[in-house]
Amino acid sequence: MIRLLAPLLLVLSMACGSTQPYKDNSSLVVTYYGKEVHRRNTGYISHSQLKSILAKEEGFVIIFSADWCKSCQTVKKSIERASPKLKSKVYYLNLDEKWVQQLAMIMRIKGVPLMLDIDEKGQTIAIKGGAVPIMSYLLLKY
């Protein structure tokens, strides 16, 4: 009986092993004495990245978002699907980060998702709040 079970257990143990490649979808933000020193797979831009984006003379879209917001996730998924057709780059700011919360307070942002369409001169073209208005605007404009 043991001779019959041993090959079966060997086959089962091999079948239970994963042959799919490992995909790291975890995010990581490392701060040192209050300053961000590393960011990986967050999907959100950092303060320094926002500064460099603002310094460039090209149009872009900023979306204030949060991981806990279902509407934000819907917007993000829709934009990912439509991204090859969009002419403007889309960047996300995480409302859970302290510097983004301060920026949102200064700008009097009261809800997410909130989109700002910025032109080449740094002027705001449009402000849209909510998943449907954001997706409709982006699909119609781009």
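Throughout, numbering of the chain's residues begins at 1 and tracks the sequence.
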Problem set entry | Rounded distance (nearest 0.5 Å) linking atom CG of D117 with atom CD1 of I127 | 10.0 Å
Exercise. P113 and S71: which non-hydrogen atoms are nearest, and at how many Å?
Worked result: CD-CB, 3.8 Å
Problem set entry | Same cluster (ILVMFWY, side-chain, under 4.5 Å), M107 and L114 | yes
Exercise. Does a side-chain heavy-atom distance below 4.5 Å link I63 with V61?
Worked result: yes
Problem set entry | Separation of K141 NZ from S136 OG (nearest 0.5 Å) | 14.5 Å
Exercise. Honestly, is K76 close enough over Y44, meaning NZ or CZ under 6.0 Å from the six-membered ring centre and within 45° of the axis?
Worked result: yes
Exercise. Would L86 and M135 show up in the same hydrophobic cluster when neighbours are defined by side-chain heavy atoms closer than 4.5 Å?
Worked result: yes
Exercise. Looking at N94 and V100, what are the two nearest heavy atoms and their distance?
Worked result: O-CB, 3.2 Å
Exercise. What distance separates K77 NZ from C72 SG, expressed to the nearest 0.5 Å?
Worked result: 12.0 Å
For this session: May I ask whether M105 and L93 are part of the same hydrophobic cluster, defined by side-chain heavy atoms of I, L, V, M, F, W, Y residues being less than 4.5 angstrom apart, directly or through others?
Result: no
Exercise. Short question: side chain of Q102, backbone of W99 - any donor-acceptor pair under 3.5 Å?
Worked result: no
For this session: Hey, could you give me the CG/OG distance between L139 and S78, rounded to the nearest 0.5 Å?
Result: 7.5 Å
Seminar exercise, completed: Separation between CD1 (I45) and OH (Y92), nearest 0.5 Å, reads 11.5 Å
Problem set entry | Flag side-chain contact, heavy atom, 4.5 Å: S65 against V112 | no
Exercise. Got L138 and M115 here, is their nearest side-chain heavy-atom distance under 4.5 Å?
Worked result: yes
Exercise. Between F60 and D119, is a side-chain contact (heavy atoms from CB on, under 4.5 Å) present by the stated rule, with each step listed?
Worked result: CA-CA 7 Å; F60 60 92; D119 69 4; over 6 Å; no
For this session: Check whether any side-chain heavy atom of Q73 sits under 4.5 Å from a side-chain heavy atom of D67, and report yes or no.
Result: yes
Exercise. When clusters are formed by joining ILVMFWY residues with side-chain heavy atoms under 4.5 Å apart, either directly or through shared neighbours, do I125 and V75 land in the same one?
Worked result: yes
Exercise. Between E120 and E57, is there a donor-acceptor pair closer than 3.5 Å when you use the side chain of the first and the backbone of the second?
Worked result: no
For this session: Answer yes or no: is there a side-chain heavy-atom contact under 4.5 Å between I62 and L50?
Result: yes
For this session: Would you give the length of the straight line joining atom CD of E97 to atom NE2 of H47, rounded to the nearest 0.5 angstrom?
Result: 11.0 Å
For this session: Over all heavy atoms of both residues, which pair between E80 and P84 is shortest? Give the atoms and the distance, please.
Result: O-CD, 4.2 Å
Exercise. Are any of the side-chain heavy atoms of K89 and E58 separated by less than 4.5 Å?
Worked result: yes
Exercise. Are I106 and F64 joined in one hydrophobic group, where the rule is that I, L, V, M, F, W and Y side chains link up if heavy atoms are under 4.5 Å apart?
Worked result: no
